[in-house]
Amino acid sequence: MLHKIIQDKKNKWLQSDDCTIRDLVKYIRDKGQLRDTQIEAIETYLFLKIEGQNKPLWQLFSEGFFTNGTDLLKLNINQTAREYLSEHQDAFALYDFARTKTDKGTLLPELEKLIVDKPTELDYDTIIKSIFYNVSYADYLMSLPMGAGKTFLMAAFIYLDLYFAENEPNNKAFAHNFLVLIPSGLKSSIVPSLKTIENYDPSWVLPEPSASKLKKLLKFDVLDEQKSAKKSNKARNPNAQKVNACLPNPFGHVFVVNAEKVILESFKFNAQTELQLDEEEKDTSNDLKRLFGQIPNLSILIDEVHHAATDDIKLRQAVNYWHSKGNITSVLGFSGTPYLQKQETIKAGDYAFKFSQITNTVYYYPLVTAIKKFLKTPTVKIGQNLDRFQIIKKGIEDFDSLYKTKVYENGAIAKIAIYCSNIEVLEEEVYPFLTSELKINPTEILKFHGGNKKYTLPKENELEFRSLDLAISKKRYILLVQVGKEGWDCPSLTGVILSQKGDSPQNMVLQTSCRCLRQVDKGKEETALIWLNKDNADTLNKQLKQEQNSSIDELNSTKRIGKAEMVERHSRMEYLQLPKVEFYQMKVTYQSIDEEETANTKAKLKAIIKKMEDYKASALISTSEISNIDTGTIDIINETGIAFANYNQWLFEISRQSFGLISETQLHQYDTELNAIFDTVSFEKDGNRFFNELYDLHLIQSKIRVAFSIKRDLQTDTEVIPKQAELLIAERLTDVEKNPKLYPTEADTNKILELDKTNESVEVDMTEVEKAYNLMKETLEAQGMGSMVMSFDSFKSGKEYSSVVKSKNNSFHYLPYNFGGSGSSGFEIQALQETLRLADFKTKELEIYYNGERGLTEFVINCFAKEGKYWKNIGKYTTDFLIVKRTAKDKIHKALLIETKGALYAEDKVFQKKKNYVETEFLKLNQDKFGYQRFDFLYLEDSKNIAANITKLNNKLNQFFND
């Protein structure tokens, strides 16, 4: 759904000149430590953070950030609807979304019709906000299957946020601190999750020395201590004490906590799950819920977010409370499934539409795809009409025949998990069956459960359970009750048996069955075995359909995709002796002009004192009887607040937020004025001083910092500089993954390279070909095989080179061109092929070179737009093709810039601005400098008829290259 639209938009952004993270993504890919799915998730995350400015999804949606560029003029809708949609971006965005193509037609056809029929009657703002759960902060769900490395991804996000936050401390899009919530039912997973994040190597996503610097900066706090009794002389909440100790200005703190610590311990809810603050806890240093609201720039990461089914509303309320304090940067959920167990209904007027997918899913990687790429390939077997013991016996026999001798590279042996519905079944039925009937050595069996009054386990069993993935463990058959369903990271687990209904909770059969699919040895094809009874198989099929749009049959037929085949690429710059492109580029420099000789700090601070009431909000309390609301009293509130106020600490905060530009010593030089401001924004109560929340303290502190600076005006200076650009940066030409959009073909590429070495002509001497044909014909006829003589045309075609090879001296400065990049429509290949076939292209001795593969060319145009009296940089533009005409071997006389765009991109506003600059300012600039028209520009749109485009191109060739 939305994640598919985001993927298309993200890929387009990654290919654009405006993408600021291309080098970073290339670094991550070249590092080779993360899976493709993790890198794709990182790309999506940074796309929403940078290009999407970390805005809430509903806001991006309403602003048209996800629209597909539908042309209203081409739609068969009534004029009223067309006019309304053209004037209301939110209505158009919802309409465009409803028209999203699916396998069954459009996504929401009823809503699409309703908008057209009654465009003015719908509350679009309410509908769109309802789609995205009515949250007013960035709330994204990353859906990756078990074993795809979600915890590693969390660590990557943490380091990336800190990296950007250090570079841009005032950018609210990037977090300074992090709260990692582990599902309340997975207490045992908190330590492994912490260790994964703590041991993560940041150099996998960030270059040195930034990676090592941030690694040292990161601080971890595990909030897992029990709350003491209220009458105890100990702190009632040691977890709150840990948080309080890092205030007021932590940076790089990672708090890891069970979700129930936040939901159950820190918040209270009434029967309607409405959040109620515990007014009994007056000590704010002991109040975890308030303390998390004080942590600046906090990002919340929620693992296995689908577990929040029962506590989801409570968790959402908790996050909303923290967001109300203004400190939440973003909320990231991680789950193996983007689908809801029950469809969610959203109303639009009298019509209601339903979603089965979690609507804030911004990235989704299906389980089947993960199996094809890196997870173990499972074989799922179903015990039809078999009892518990028959299924266990069959499962173990299968496992022993396949994996009894299997040892992974880390020394761990393969093992199988047998889940039991309760402790009695494990102890009294399954364990005796394994040891007596199946004759399994008890030293190879591990029993692990929580124990009860009748059965307890020795403490070493838990250590054995934690050590299963180590070479020292010799346990092969693992008997479990209510553990190991999720949060259990044991890659050497190779088999699972669910022999009876109830062995796993009904809503977790998919998660439990897939425990054995984690990859062990990277790059190797591995398999796994799953044995189920009929009930569990039916449940698994149902959950695969609901949550993964898959089935057991598809799992059993899924095969591992082999390693991508890479194609070597070759530079032909030396052979073609292609000269550099010479052009003139505009350069804009920005400078600030001082409008004051001194800062006049004292006068500015006094001006702030006089205007203090402008920075204060009004508040009142109205008291009246229910029966008569017109009676009663109104009290004006002048003071309210619970945050302690200290003058020196306040000055420290002002200095800190200036990033060292204003020292505390400088501030103390104006104590008289600053004390007056401090006394105004704070009040005394019960012997303590508190900040008055009615004042906009952030704005006041900002005004104070401005008082220490000289007033400046921004000016821009422009100059024109000559440039020379290579069309290929040879050292960046690397191997590329084989794909259908490499051009020319492998055969033509090899033939071109071969002819380059021999310098053989591509033109065929038809006289010699005819002689060879006649000789062949005479020889066959003389041998009585005249019937085998082929026609001359067939013989001639076998001797001629392909049209691509014949064009080798007029194109292909490197081989092969890759037209398979993200966002490519295939239109570029067609444009190149048709250009090479044009008669006028050949007779004018022109050359055409592909320039659209980002990062391989130096010919990039800096674009600007005039805003008022200033030039504003709007990004870089890289043309798709250049058609060039040489006056000499080492000199390009003229160059035609060609842009090929699919209809989806044609209406892109940023592209239109750049296109306008290139067509006007850039062409005029270079015409003036060279004294004649050295460059021209041609725009070809994919939606146009190909014949019309070719005609347009041919006319431009004749017009521009007429001399």
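We're numbering straight along the sequence, starting at 1.
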Practice prompt. Check whether any side-chain heavy atom of I50 lies under 4.5 Å from a side-chain heavy atom of F174, and answer yes or no.
Written response: yes

Item to complete: Would you confirm whether the ring centroid of F47 sits within less than 6.0 angstrom of the ring centroid of F65?
Response: yes

Worksheet item: Taking 4.0 angstrom as the limit, do K9 and E51 come out as a salt bridge?
Response: no

Worksheet item: Between G687 and E684, which heavy-atom pair has the shortest distance, and what is it?
Response: CA-OE2, 4.3 Å

Worksheet item: Are any of the side-chain nitrogens in E639 or K685 under 4.0 Å away from the carboxylate oxygens of its partner?
Response: no

Worksheet, complete the sentence: Looking only at heavy atoms, the pair that brings A155 and Y200 closest together is CB-CG, 3.5 Å

Worksheet item: Hey, is the main chain of V706 close enough, under 3.5 Å, to the side chain of S709 for a donor-acceptor pair?
Response: yes

Discussion item. Would you say the ring centers of F255 and F178 fall short of 6.0 Å from each other?
Written reply: no

Discussion item. With a 4.5 Å cut-off on side-chain heavy atoms, are E613 and Y695 touching?
Written reply: yes

Worksheet item: Is a side-chain N or O of S655 found less than 3.5 angstrom from the main chain of I662, in a donor-acceptor match?
Response: yes

Practice prompt. Start with the C-alpha distance between E673 and I609, add both sets of side-chain angles, then the distance that settles side-chain contact (heavy atoms from CB on, under 4.5 Å), and finish with yes or no.
Written response: CA-CA 8 Å; E673 292 76 19; I609 295 171; 4.2 Å; yes

Discussion item. For Y159 versus L218, what's the shortest heavy-atom pair and its separation?
Written reply: OH-CD2, 3.5 Å

Discussion item. When you compare the side chains of E664 and N648, does any donor N or O come within less than 3.5 Å of an acceptor on the partner?
Written reply: no

Discussion item. Contact between L674 and L605 at the side-chain level, heavy atoms closer than 4.5 Å - yes or no?
Written reply: yes

Item to complete: For the residue pair F132 and L2, establish whether any side-chain heavy-atom pair is separated by less than 4.5 Å.
Response: yes

Item to complete: Apply the test side-chain contact (heavy atoms from CB on, under 4.5 Å) to residues T126 and S130: give CA-CA distance (whole Å), side-chain angles for both, the deciding distance (0.1 Å), then the verdict.
Response: CA-CA 6 Å; T126 299; S130 297; 4.1 Å; yes

Practice prompt. Check step by step if side-chain contact (heavy atoms from CB on, under 4.5 Å) holds for I6 and T44.
Written response: CA-CA 8 Å; I6 291 175; T44 300; 3.9 Å; yes

Item to complete: Could you check if a side-chain atom of I295 sits within less than 4.5 angstrom of a side-chain atom of H253, using non-hydrogen atoms only?
Response: no

Item to complete: Check whether any side-chain heavy atom of I608 sits under 4.5 Å from a side-chain heavy atom of Y615, and report yes or no.
Response: yes

Response to the item:
What one should report as the nearest heavy-atom pair of I700 and M612 is CD1-CE, 3.7 Å

Practice prompt. For the residue pair L667 and F708, establish whether any side-chain heavy-atom pair is separated by less than 4.5 Å.
Written response: yes

Fill in: Test log, rule side-chain contact (heavy atoms from CB on, under 4.5 Å), inputs D679 and R689
CA-CA 10 Å; D679 289 342; R689 197 156 192 89; 3.9 Å; yes

Worksheet item: Does the side chain of L24 reach to within under 4.5 Å of the side chain of L160, using non-hydrogen atoms?
Response: yes

Item to complete: Locate the shortest heavy-atom distance separating V362 from M142; write the atom from each residue and the value.
Response: CG2-CE, 3.9 Å

Discussion item. Please verify the inter-ring angle class for W650 with F691; under 30° counts as parallel, over 60° as perpendicular, anything in between as tilted.
Written reply: tilted

Fill in: Atom of K150, atom of S335 and distance for their closest heavy-atom approach
CD-N, 4.0 Å

Discussion item. Taking CG in D123 as the centre, count heavy atoms belonging to other residues, nucleotides or ligands within less than 6.0 Å. Is the count above 12?
Written reply: yes

